[in-house]
Amino acid sequence: MSASQAGAPAAPASAEQTHVHVTCPFCGLRCDDLEIARTGQALRVTRNGCDKAKAGFERPLTAALPRVAGRTVPLGEAIAAAAALIKAAKLPAYGGLATDVDGMRAIMSIADKSRGVVDHAFSEAQGRNIKVLQTSGYFMTTMTEARNRADLFIIASDVHTFHPRFFERVVCNEKSMFSETPPKRTIVFLGEGYDTSAAVGTRIGDVVTLNCPINRIGEVVSALRMLKKGAPLPADVIAGVAKAQIEDLLARCHKAEYGVVVWVPPGLDFPNADLTVHQICEFVKDLNVTQRFAGLSLGGNEGASTAASVCAWQSGYPLRVSFETGAPHYDPELYAIPQLIASKQTDCLVWLSSFTADLSPPATDIPTVVLGSHDLKLAKEPDVFIPVGTPGIDHRGQLVRCDSVVSLPLRDLGRSANLARTVDVLAAIEAAL
Amino acid sequence: MLIKFTGGKVYDPANGIDGQVRDIYVRDGRVVTPAASDRVHQEFNLSGKVVMAGGIDPHSHIGGGKVTIARMMLPEDHRGHEVARGDLTRSGCGYAVPSTLTAGYRYAEMGYTAAFEPAMLPVNARQAHMEMADTPMIDKGAYVMLGSDDYFLRLLAKGGHKEQIKDYIAWSMHAAQALAVKVVNPGGISAFKFNQRKLDLDEKHSFYGVTPRDIILTLGRSLQELGVPHPIHIHGCNLGVPGNKETTVSTIRAAEGTPIHLTHIQFHSYGTEGDMKFSSGAAEIAELINQHKNVSIDIGQILFGQTCTASGDSMRQYGNTKSAHPKKWVVMDIECDAGCGVVPMKYRDKSFVNALQWAIGLEMFLLVNDPWRIFLTTDHPNGAPFTTYPHLIRLLMDKTFRNEMLRRIHPGAQAASILGSITREYTLYEIAIMTRAGPAKSLGLKDRGHLGAGACADITVYEDNPDREVMFTTPAFVFKNGEMIVRNGKIVKVVTGDTHVVRPEYDRKHVEKPLKEYFESYHTVQMENFRLSDEEITAPGCGHAPGTCGCLVVHPTGART
Ligand code: SF4
Ligand SMILES: [Zn+2]
Ligand SMILES: [Zn+2]
């Protein structure tokens, strides 16, 4: 048993300490089978992490200290300065929101008290699904279900780039619960420019690629729906895909015992992409009238699904939400922080980014408070910078997985005792308001 | 500090007190019998007022993924129902699916001090507890859903040893931090994943070959042998299907005396008579329940208006999507563990079916004789939001009011129901049983739901208003652990309630060896992370040291047999 499980104090700096069943916070899949060795402050992924995980865990800890106007200050002073900026603001905007459940709870509390706006850095992408949820809904599945059950995967985004272990864990797994000799799976890549290299192994049967521009996936799916209804297609080639290929895909769908369409909302990055998600979800519904099919939406990087879930259960609404009137108001367009900054409606930005070095605050001249990972890249020195621990490395926590059903515990790997927890920093700022 | 509650009319059925004027003393959050020499530090004169233990809702969907899906799906439920931040309280919103904080405040303002989430998927348990932790004021707990999870079905199909199954059930209760076990459309959620569209009590699951009857009996007997106080909490087969009263009758008979709880029985009491092929089965089922002392029920009363149904029953909820209002819905297959279906619903008094559903629920309430075996629920939010309880109580206590309401519904439904001929009116004593003493007893919460010495001082004080709806909407005072939290229906102090669990005995090593293998072969979560630790579920900021958190209450089980 590792020290972290036993709750024992950290071992001497030189000794190597191994942590098992570690949850990775670096993408929405939340793989929780990692093993991590720590020597002093250095972490090494020794089992099961992908390159993204390695890059996330193994970056060297830099000596970051709280700063006000670029000057190193004691934490208390930085907290007081942050509180003063928020207090003076008409409409503080809480953005980034790359944090764990407790961090997000603290954001909701301070945003409520300071009558601010909350918006995750990836709300735009997540909003593509939410719009569909709020207009027509969907039929979804989750990772373990797909891993054991699916015999057809339609991959409608560049899944492997966003989630490097998705194929390994959900598609290429050799064992399946429902058969000693599970059948080979058909993989259909719908869209062009994807990394298809992971679709290999004994479980993979036919691999089909329907090359269409990503922003025209919706047209192909709409054609599938028309064909299924017996309507004639308007053309022989739809979005670059021949009618015969679409017919072939529909036949494969009909043959499937359990088909799954996979997409990554941030991967569908073009105007009105919610309409593509809508077409996919309606196609899945059409099929379910007589057979079994489901959607599987990934994404959720940088704590996006955690932020949306906590915001929804505490305020009633998914992001984006304003507490300006004292009660929650929901408007996914109006309360977008980039928009609020551009239109000068917000006069104070509080940016929270505690996982990677890359989720930097947008360039702005308004007063800015950053609660960031020790090495967060900053284009410009913010008014206040407070380094915070990374949940799952510097302290324990919880995160919601991309499917918004499963959540995982994060372990304290004992890397640094000096980095404050976001929840404590925010509670102190709130108390000082 | 000794507090005296003087001269109220006390309704404390667990101690046989039926409206007698009594003084109640509280010290350190507990009801006590003071010595004659003890000095009273604070006194509340409750003369003329009605005193009961805090209300306990044994079946209310207040936490977990499907409720949050409903919240996200229905901004229209929240608009116009915003609640601004107060001096003490946080902001929130919602009518049928309120935000967690708002739900906690509303329960307390209505005199309730506990509510239990009845459908916690094991794999979603962590989130269910997070949401309950963010529900202030009230005590909470949850029933873990088993019976469509592949591990259980595999054990059952293999003819797994009885003790092995018991160990697994106990392990699941520990892992999910549960107070009880619920089964939802037994086996049906899994069968739906194999494209079965219905699963009757004796119909075989196409892959596992087991029937709902096998599943119910196995879970029911196992829980009894594990000494878990609450019997298997059954959401039966064929929810909402006309003619399902036959299934309900067969389920009661199938139990063969094993204790069972049939939840939201209103949705399972439909016949197929009449032109509309939809009729009330309440009389027949109530009669059977009166005869079978091993059966308890809650109603799942519907009340007219917009709400949202949220259930683990993906199979039947998929069937209900055709009635979705507004026209949107979510159905999910979940993790080889369970499923869910979220379907917004508007019950209309001018619809024959909805009106008769309303009447069926009330018939059932009034035809079951023993209030200790029937609990007041709307299956929040499935039949209606929990905030309609005061209205429902008035319907039960006031025959004139009830008949007035009856005259407003669809005339065909009026004609098809015997409701108008039922003269029974519930007494305050019976209401106190149904909303306090009964649920506490059934759940094994020995120190809740009553006001005897040693009880937790969760106390609600009402004005004795003849309009029972007004009376139960706005209590004069609510005390939690002896502290005043509500005065005249408004929150005066924000507190955090306890989480209640039971932990039946089991052989951990024995059960975890094959489980670990199973998780490693098939799952996307590690067994070690599937389990929910105590530190994860204790109230944030409660101030207790890890491992000694007083907010986590472990109730005793009987001896394992
Ligand atoms: S796939 Fe995602 S969660 Fe899994 S190890 Fe890689 S970055 Fe971490
Ligand atoms: Zn229910
Ligand atoms: Zn505590």
Side-chain angles (χ1 to χ4, degrees), chain A residues 7 20-21 23 31-33 101-102 105 109 112-113 130 133-145 147-149 169-170 175-178 257-258 288 291-292 294 308-310 312-318 323 325-330 396 398 400 404-409 423 427, chain B residues 63 65 67-69 71-75 77-78 82-85 90-94 97-102 121 123-124 126-127 130-131 134 150 154 192-195 207 318 324 327-337 342 521-526 528-529 532-533 535-536 540 546:
Chain A
V20 295
H21 314 300
T23 303
C31 304
D32 70 335
D33 57 352
V101 170
D102 276 346
R105 281 171 164 154
S109 178
D112 187 358
K113 181 158 185 191
I130 297 211
L133 171 65
Q134 292 176 345
T135 50
S136 48
Y138 36 56
F139 203 131
M140 299 288 234
T141 193
T142 64
M143 290 189 349
T144 299
E145 207 70 63
R147 169 183 163 98
N148 288 286
R149 213 173 268 287
R169 301 184 64 221
V170 177
K175 283 193 188 169
S176 154
M177 201 182 300
F178 305 109
E257 292 281 334
Y258 194 90
N288 271 304
Q291 63 177 100
R292 289 311 325 276
S309 294
V310 176
W313 80 60
Q314 283 209 356
S315 80
Y317 298 114
F323 294 95
T325 66
H329 286 269
Y330 168 66
R396 59 187 190 86
Q398 297 166 316
V400 178
S404 297
V405 172
V406 178
S407 46
L408 275 308
V423 53
Chain B
V67 190
T68 288
I69 291 172
R71 292 180 179 116
M72 290 192 189
M73 184 183 357
L74 293 167
D77 174 73
H78 315 333
E82 293 91 355
V83 187
R85 183 185 178 86
R90 294 262 307 271
S91 69
C93 66
V97 278
S99 50
T100 52
L101 294 137
T102 303
L121 323 186
V123 78
N124 188 240
R126 185 166 280 110
Q127 184 178 336
M130 290 174 200
E131 295 187 28
D134 287 352
D150 284 286
R154 284 156 67 95
F192 184 43
K193 298 170 186 173
F194 291 91
N195 204 26
F207 182 78
Y318 179 74
K327 272 262 161 285
K328 53 183 171 184
W329 49 266
V330 170
V331 174
M332 286 187 80
D333 299 324
I334 295 175
E335 277 315 77
C336 296
D337 188 51
V342 181
S521 303
Y522 307 125
H523 233 283
T524 54
V525 175
Q526 304 260 295
E528 291 76 4
N529 291 330
L532 203 50
S533 68
E535 292 77 48
E536 285 187 271

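Throughout, protein chains are lettered first and strands after them, A, B, ... in sequence-line order, and every chain is numbered starting at 1.
Looking at A:Asp112, both its backbone and its side chain come within 4.5 Å of chain B, counting heavy atoms on both sides. Using a 4.5 Å cut-off between heavy atoms, A:Arg292 touches chain B through backbone and side chain atoms alike. For A:Ser315, the part sitting under 4.5 Å from any heavy atom of chain B is the backbone (N, CA, C, O) and nothing else. Heavy-atom distances place both the backbone and the side chain of B:Phe192 under 4.5 Å from chain A. Proximity to chain B (any heavy atom under 4.5 Å) is restricted, for A:Val101, to the side chain, taken from C-beta onward. For B:Phe207, the part lying under 4.5 angstrom from a heavy atom of chain A is the side chain only. With a threshold of 4.5 angstrom between heavy atoms, A:Phe178 approaches chain B through its backbone and through its side chain. Both the backbone and the side chain of B:Val330 have a heavy atom closer than 4.5 Å to some heavy atom of chain A. Using a 4.5 Å cut-off between heavy atoms, A:Ser176 touches chain B through its backbone atoms (N, CA, C, O) alone.
With chain B as the partner, the residue from A:Cys31, A:Ser109, A:Ala294 showing the most heavy-atom pairs under 4.5 Å is A:Ser109. Of all the listed residues (A:Ser404, A:Gly137, A:Pro328, A:Ala427), the one sharing the greatest number of non-hydrogen pairs under 4.5 Å with chain B is A:Pro328. Across A:Thr142, A:Thr141, A:Leu408, A:Asp32, the residue that shares the most heavy-atom pairs under 4.5 angstrom with chain B is A:Asp32.
Residues A:Arg396 and A:Pro409 have side chains not in contact (no heavy-atom distance under 4.5 Å, counting atoms from C-beta outward). Here the side chains of A:Pro318 and A:Gln134 are in contact, with some heavy-atom distance below 4.5 Å.
Heavy-atom contacts from other residues, nucleotides or ligands closer than 6.0 Å to NZ of B:Lys327 number more than 12.
Taking the six-membered ring for Trp and the full ring otherwise, B:His78 and A:Tyr330 have centroids separated by 6.0 Å or more.
Checked by atom type and distance alone, the side chain of A:Tyr317 never pairs as donor or acceptor with a backbone atom of B:Leu74 at under 3.5 Å.
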B:Val123 vs A:Val405, test: side chain to side chain contact (heavy atoms under 4.5 Å, CB included). Steps then yes/no. CA-CA 8 Å; B:Val123 78; A:Val405 172; 4.2 Å; yes
